[in-house]
Each structure stands twice: as C-alpha cells, then as structure tokens.
Amino acid sequence: MSKPETYSALSFDFDFLDKLVVGIGEVSQITAIPTRQIRYWEEKGIIRSLTEEEGKNRRYNYENIKKMLLIKEMIDEGYTLDAAAEKVKKRMEMIEQTLNKLKNR
C-alpha cells in the first residue's frame, strides 16, 4: 500500500491575488449575488469598490469578493446583514493577519 502524497506547504500566488480585479457583473456571476444587492452593501459601507469616480463601472478585488461570499454564507445561515457584516469583518481581519504571516516567511 503506497503512502498518500503530502504537501509540505501551501503555495499562494499573492501577486496574482493582488492584481485580481473584476467588474460588478463578473462578481455577480462568480458569487451568485445580484448586482443590486452588491450595490446596496456598498451603499451601507459593508464593502467598497475600487472605483473612485461616480458613473464609472464598479471594480472589486479578491478581498472584496471573499468578503461578499462570506457575508452571503452567513445570511444563508440566518444571520442579519449587519450581524453577518460584523462577523465577516472580524474574520477578514484574522485572515489578513494570517496571510501577512505567510507572506513574511
């Protein structure tokens, strides 16, 4: 019986994740969150697009997409939007701290 393969370390392409930016329509397709809901979350200050100018297409990075997916998951589990946003904010802070530790290895 052969020994299962193991990986000594996970490899993250941080440069790719830093450059990943997509429009609101693509985010909606990827996450199955309607664009209207994404805009509402942005109006409430829960997420922020990378677009500064009014009237320009909203663009989102990996961090925003991950945050939206986590919020959607919490809402699907029965959390209110505000409770989900607060819990996800704390989780994202923890994830960022962990990724920073990995980057600095």
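These numbers come from the heavy atoms of this one structure, side chains and all, not from hydrogens, waters or symmetry mates. Because the structure is a prediction, the values reported are computed rather than measured.
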(message) Quick check: do Val88 and Met68 have side-chain heavy atoms less than 4.5 Å from each other?
(response) no
(request) Measure the spacing between CG of Leu99 and CE of Met92 and express it to the nearest 0.5 Å. (result) 8.5 Å
(request) Indicate the atoms forming the closest heavy-atom contact of Ala84 with Met74, along with that distance. (result) CB-CB, 3.4 Å
(request) Spell out, as yes or no, whether a donor-acceptor pair under 3.5 Å connects the side chain of Asn64 to the backbone of Ser49. (result) no
(message) I'd like to know if Arg58 and Glu42 make a salt bridge, using a cut-off of under 4.0 Å between side-chain N and carboxylate O.
(response) yes
(request) Compare all side-chain heavy atoms of Lys72 with those of Gln37 and state whether any distance is below 4.5 angstrom. (result) no
(message) Using modelled atom types and a 3.5 Å cut-off, is there a donor and acceptor pairing between side-chain atoms of Ser28 and backbone atoms of Ile33?
(response) yes
(message) Any non-hydrogen side-chain atom of Ile30 less than 4.5 Å from a side-chain atom of Val27?
(response) no
(request) Identify which one of Leu69, Ile65, Ile71, Leu70 satisfies the side chain to side chain contact (heavy atoms under 4.5 Å, CB included) criterion when paired with Lys67. (result) Ile71
(message) Among residues at least two apart in sequence or on other chains, which ones pass salt bridge (Lys or Arg N to Asp or Glu O under 4.0 Å) with Lys87?
(response) none
(message) Quick check for you: to the nearest 0.5 Å, what is the distance between Lys66 atom NZ and Glu63 atom CD?
(response) 11.5 Å
(message) To the nearest 0.5 Å, what is the distance between OH on Tyr40 and CD1 on Ile47?
(response) 12.5 Å
(request) Compare all side-chain heavy atoms of Val21 with those of Tyr60 and state whether any distance is below 4.5 angstrom. (result) no
(message) Just verifying a value: how many Å separate Glu86 CD and Thr80 OG1, rounded to the nearest 0.5 Å?
(response) 10.5 Å
(request) Rounded to the nearest 0.5 Å, what's the gap from CG on Asn57 to CD on Glu26? Could you check? (result) 10.0 Å
